[in-house]
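Computed from heavy atoms alone, side chains included, the values below leave out hydrogens, waters and symmetry copies. Letters A, B, ... are given to chains in the order of the sequence lines, protein chains preceding strands, and every chain is numbered from 1.
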Protein chains: 2
Amino acid sequence: MKPDSVSIREISKITGVSVATVSRVINNNGRFSKETEARVKKALKEYNYTPNLAARGLRTKRIATVGVVVPDITNEYFARITLHLQERLFARSYSTIICNTDEKADIERRHLDMLLSQQVSGVMYISGTPHAFDRLSHLPAVFIDREPKMEQETGNYSLIESDNYLGGALAARELLQKGCRRLCVFKYRDDISTHNAREAGFRQAAHEAGLRDGDVRVEIVPAVSVEQGYQRTREVWQAGGFDGLFCTADALAVGAAGALRQQGVSIPGQAKLVGYDDTAIARYGAVPLTSVHQSTEEIGRLAADTLLQIIDGKQPEQRHITLPVHLMVRESTGGHTEEA
Amino acid sequence: MKPDSVSIREISKITGVSVATVSRVINNNGRFSKETEARVKKALKEYNYTPNLAARGLRTKRIATVGVVVPDITNEYFARITLHLQERLFARSYSTIICNTDEKADIERRHLDMLLSQQVSGVMYISGTPHAFDRLSHLPAVFIDREPKMEQETGNYSLIESDNYLGGALAARELLQKGCRRLCVFKYRDDISTHNAREAGFRQAAHEAGLRDGDVRVEIVPAVSVEQGYQRTREVWQAGGFDGLFCTADALAVGAAGALRQQGVSIPGQAKLVGYDDTAIARYGAVPLTSVHQSTEEIGRLAADTLLQIIDGKQPEQRHITLPVHLMVRESTGGHTEEA
DNA sequence: CCCTGTTGAGTAAACGATTACTCATCTTGC
DNA sequence: GCAAGATGAGTAATCGTTTACTCAACAGGG
């Protein structure tokens, strides 16, 4: 048990070969005899050699670390993506630095500066605000969910998202098919492409079913939280209500369900609900929630692979990947018509 | 817009002072005149200088990064602690590398090797298994929730946990007070101090109320998941059932509620439930769940501060901190006796 | 006027690993 | 037997910062 980790130089002394050779053995790079290899490897193990990533990174200018920028890690949907991302990257022996921005531009900026200082080889932007995009200009990047608004075509990035427009449409069709006519949408903010697309898809499907613009009420909420959903539902209910509600995030729908239940409104009898993301709280919540499902595993896997491709200098097959979504139908819209 | 970040040497060239002076200005270390300072700072800003942390870390052998080892980031309780941890550390300009172990010893080991390679200045162990503890032997460490089994008193660590024993006792008292007599406990694994303490506290309180050992059935479950809770509840219900169930994690209780509801068992009428951690799913679940609350914010804050103290070489005030818990009483035990 | 202390700033040696060169030795074909 | 390629391994420069030494210039006390 050596107290601290030994360096390549000490291994060199011990084995009697030069540091260059030790380095070659470690990286399996260049030529060396079988015996040398064996001797060095034995010493490496015996003395519990741990490579100094700072030194390596300094010399090679590339470090097997990527930054993951996420707005809120306690959001189950983001946490799942992050998890799968990390698994995949770790399998490729990359480590990840996860940064929580809380949607604050200044925090994001500081995180980004830190990541640049660390010389990370790429950045993964989960649902990122476009604010600090110029900061990472030339760095390999993959955006998940939200499309960055960019000034110039810097190009070194990819976008992966699921079909939000379709998701919104599916939600609308489900509510319409179950007989709803007075629709309402709770949308998170008005400047996020993801949530805007969900609303647009919803509207379009409502249109196609013959509803007019006035029949769809849209409420913009400033946060994805159960409290917001609860609060808004009470307000809207006072002001006339709805018979079908689509929330662009599950937490809002959970809050809505709570508010409705408390006011004695039956679900799905008097009002039907559809959420988005199909999180655990949707599946096992007060009212099992019909929700639009997107595979966090696939998103994570794809995003990781794409980022690594960009880092390796290969052009990713596609700059923009859109994944399918499907609707999980549950009690909140009255149906056990789950189609797996 | 320079394409890549400039180095200290280039700033030196630009300003006409030596690299040493530039470094001094950057670190506000050593002597330099006001004018020099101004000139250098201007250049730093103008050329968008970003320190190379690899080089700095190599030279100083300390890097402002700590590793956070967590079993499952999608678990809301862990995610919350991680979040608060990160906020606090970030405020002290430390960055964090979050590692998800999935409770697997080998993954944990690899993560730990990586953290050592990164020369992190400390490690935060959220609910960590003790497996790889020898690996970090001399590294500053803080353990949250679970006590590491250690061979020798290496001493360079602290433990922060909440009062699990009391939490278990509170759960028992609530169930007993509401009239339950046939108790059951779903405990996560049998080798985790946290969950063992919760059970022990529960048992002790039951004892004090006059119940005998036979009156408390204990089921050990291999995972904290809704599915496990659901499955076990069906089994136990076949085998005689209970009128009061305590789950050492909320997800289990949510699954139990689902199973009971499906079998037509009324909650809290025929069976009462108590969970642990007071997660969102407990508050807004199918049956609002009575649950033992522990402040993730306080845990995170305290853990971060303690770790930084150890890193700075100060002995933390206390090696072992136990935080209070309290019971949130909700519908699953039939009571709106919430006492804030 | 000299001695001493302070101030501002430069020189150069690390830190640990990688890698372009170089070179001695060994193979092998003719 | 020898030119030429293959093989194994060493030398030393380099990555960007920090920091222990120096040292010149200057101020002030005696």
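Distance Lys61(B) NZ to dT19(D) P: 13 Å, rounded to the nearest Å. With rounding to whole Å, Ile63(B) atom CD1 is found 14 Å from dG16(D) atom C1'. Here dT19(C) presents its C1' atom at 15 Å from CZ of Arg31(A), a figure rounded to the nearest Å. For the pair Ile8(B) CD1 and dA14(C) P, the interatomic distance rounds to 19 Å; values are reported in whole Å. Computed from coordinates, the Leu58(B) CG to dT19(D) P distance equals 12 Å when rounded to whole Å.
Side-chain nitrogen and oxygen atoms of Asn29(A) include at least one within less than 4.0 Å of the OP1 or OP2 phosphate oxygen of dT19(C). Considering only side-chain N and O atoms, Arg56(B) lies nowhere under 4.0 angstrom from the phosphate OP1 or OP2 of dG16(D). When the side-chain nitrogen and oxygen atoms of Arg9(B) are compared with OP1 and OP2 of dG16(D), none of them lie within a distance under 4.0 Å. Using a 4.0 Å cut-off, no side-chain N or O of Lys34(A) falls inside it from OP1 or OP2 of dG8(D). Here Ser33(B) does not reach the OP1 or OP2 of dT7(C): none of its side-chain N or O atoms lies under 4.0 Å away.
Judged by distance alone, with hydrogens and angles left aside, Arg59(A) brings a side-chain donor or acceptor within reach of the base of dT14(D), the pair sitting under 3.5 Å.
At distances below 3.5 Å, at least one donor-acceptor pair connects side-chain atoms of Thr194(A) with backbone N or O atoms of Asp145(A). In terms of modelled atom types and a separation under 3.5 Å, the side chain of Arg24(A) and the main chain of Gly30(A) share no donor-acceptor contact.
Scanning residues 10-28 of chain B for heavy-atom distances under 4.0 Å to DNA chain D yields Ala20(B), Ser23(B), Arg24(B), Asn27(B).
Rounded to 10°, the helix from dC1(C)-dG30(D) to dC30(C)-dG1(D) has 40° between the axis fitted to its first five pairs and the one fitted to its last five.
Mapping Ser7(B) and Thr36(A) onto DNA chain D by nearest heavy atom places Thr36(A) closer to the 5' end of the strand.
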Practice task
With salt bridge (Lys or Arg N to Asp or Glu O under 4.0 Å) as the test, would you mind laying out the steps for Arg189(A) and Glu103(A) before giving the verdict?
Solution key: CA-CA 12 Å; Arg189(A) 293 171 56 157; Glu103(A) 301 262 22; 3.7 Å; yes
Practice task
For side chain to side chain donor-acceptor pair (under 3.5 Å), just list the numbers for Thr65(B) and Gln118(B), CA-CA rounded to whole Å, side-chain angles, deciding distance to a tenth of an Å, and then say yes or no.
Solution key: CA-CA 9 Å; Thr65(B) 297; Gln118(B) 300 260 12; over 6 Å; no
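Tyr77(B) and Asp72(B) share no donor-acceptor pair across their side chains, judged by distance under 3.5 Å alone. Residues Tyr49(B) and Glu10(B) have side chains that never bring a donor and an acceptor to within less than 3.5 angstrom of each other.
When each of Asp106(B), Asp102(B), Thr101(B), Asn100(B) is checked for a side chain to side chain donor-acceptor pair (under 3.5 Å) with Lys104(B), only Asp102(B) meets the rule.
A cation-pi arrangement is not found for Arg146(B) relative to Tyr125(B), the charged atom failing to lie both closer than 6.0 Å to the ring centre and inside a 45° cone about the ring normal.
Phe143(B) and Tyr157(B) have perpendicular rings, their planes meeting at more than 60° on a 0 to 90° scale where under 30° would count as parallel.
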